[in-house]
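Worksheet for the structure shown next.
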Amino acid sequence: MHAGNAEAPLTPALIFDMLQAHQRTSALKAAIDLDLFRAVGQGPGDVASIARHCSASERGIRILCDFLTIQGVLVKENGAYRHSPSSAAFLDPRSPSCLATIAQFLGNPAMREPYDRLAEVVRTGRTVMPGDGSVEPENPVWVQFAETMAPMMAPMAGPLGAVVLEGHTGPMRVLDIAAGHGLFGIEIAKQNPQAHVTGLDWAPVLRVALDNARKAGVAERYDMLPGSAFEVDFGGPYDAVLLTNFLHHFDQPTCVALLKKVHAALRPGGRAATLEFVPNEDRVSPPMPAAFSMTMLATTAAGDAYTLSELTAMYQQAGFTNIAGRPIPMSPHTIVIGRA
């Protein structure tokens, strides 16, 4: 073989990297908990000043900052630390695009514990969490989700609103199922001043959504419908129904049954819009949407990351037509929309 085409020597680096990946998670969570990224952003970035800000030992801060530098999160120059472009944008609390709060939900012990028993999960094909896992009724993790995950979801709200509205500006009623933080329904109310939104979720979660609606100035056009999407009467008819990051928690027959209920609550020609992690048909690409199926295996009884063909089939079985997938640029999410 020509030297230029020689394969790189085989090493166990990938194996070691995967076995020690928990260190990266823990280091980032610790840095966020200590408010380290604010200290780095404020400067001057020496170990002593960062340690004072974080009320931590200088030894601990030095080793943690060095580790974060090795991972590419921070930059070290002349013994001092500064932000990388990524940490400045997404980890410094002073940045409007800071994502630090999502560590509270993603690092929640209840959501992480199943991974310590993953072999058992794989054997049984379902989560080891009690009952229905993360979607067990009134699960408190969804209050935390609503309170902390908005920075991650906010960039998806504008594109979703634009797809659902397609320039429609007249009076309309919108049902936001599993509203969570409420940002998706709120965005439609912001884009269309004549839209009236009903958020459906557990009552403690909806209080977070209503607070966000007040902050956005649309609370007078935002109603709450507390309860389970599978049990409460939707009312209606609605011009649009949102199902954001919800179907993946359930098996396909359950999703079809819910979509049939959605179809019945829509006006003729009304739209159902789903926001999902949608892998390619090979189920191993792109990496983030495809890997999301592991999250569903660990935390639900029967959920999955569904392909576009699977979601299309569900919509069709529920009676929808004109079904299309709209990938959101620079995002792992796809909007799937269909007409009643």
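The residues of the chain are indexed from 1 along the displayed sequence. Because the structure is predicted, anything quoted here is derived from the model rather than measured.
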(request) Report the distance from atom CZ of Arg117 to atom OG1 of Thr124, rounding to the nearest 0.5 Å. (result) 9.0 Å

(request) Taking ring pair (Phe, Tyr, Trp, His ring centres under 6.0 Å) as the test, write out the residues that go with His196, two or more places apart. (result) none

(request) Would you indicate whether Arg123, at its atom CZ, is surrounded by more than 12 heavy atoms from other residues, nucleotides or ligands within a distance under 6.0 Å? (result) no

(request) Check whether the side chains of Gln144 and Asn108 place a donor and an acceptor atom closer than 3.5 Å, and report yes or no. (result) yes

(request) Examine Lys261 relative to Phe230 and say whether NZ or CZ is less than 6.0 Å from the centre of the six-membered ring and inside a 45° cone about the ring axis. (result) no

(request) Please determine if Glu276 and Arg326 form a salt bridge, counting it only when a charged side-chain N lies under 4.0 Å from a carboxylate O. (result) no

(request) Verify whether one side chain among Thr254 and Asp251 offers a donor that lies under 3.5 Å from an acceptor in the other. (result) yes

(message) Could you tell me if Asn280 and Ser285 have a donor-acceptor pair between their side chains, going purely by distance under 3.5 Å?
(response) yes

(request) State plainly whether the residues Asp66 and Lys76 are in salt-bridge range, i.e. N to O under 4.0 Å. (result) yes

(message) To the nearest 0.5 Å, what is the distance between OG on Ser55 and CG on Asp35?
(response) 10.0 Å

(message) With clusters defined by side-chain heavy atoms of hydrophobic residues (ILVMFWY) lying less than 4.5 Å apart, directly or transitively, does Leu243 cluster with Val163?
(response) no

(message) Distance check, rounded to the nearest 0.5 Å: Phe234 atom CZ versus Thr198 atom OG1?
(response) 11.5 Å

(request) Determine, step by step, whether Ser97 and Ser95 satisfy the side-chain hydrogen bond (donor to acceptor under 3.5 Å, both in side chains) criterion, reporting the C-alpha distance in whole Å, the side-chain angles of both residues, the deciding distance to 0.1 Å, and the verdict. (result) CA-CA 5 Å; Ser97 55; Ser95 168; 3.1 Å; yes

(request) With sequence neighbours left out, write down each residue that passes side-chain hydrogen bond (donor to acceptor under 3.5 Å, both in side chains) with Thr244, or none if nothing qualifies. (result) none

(message) Do the side chains of Arg52 and Asp46 get close enough for a salt bridge, i.e. N-O under 4.0 angstrom?
(response) no

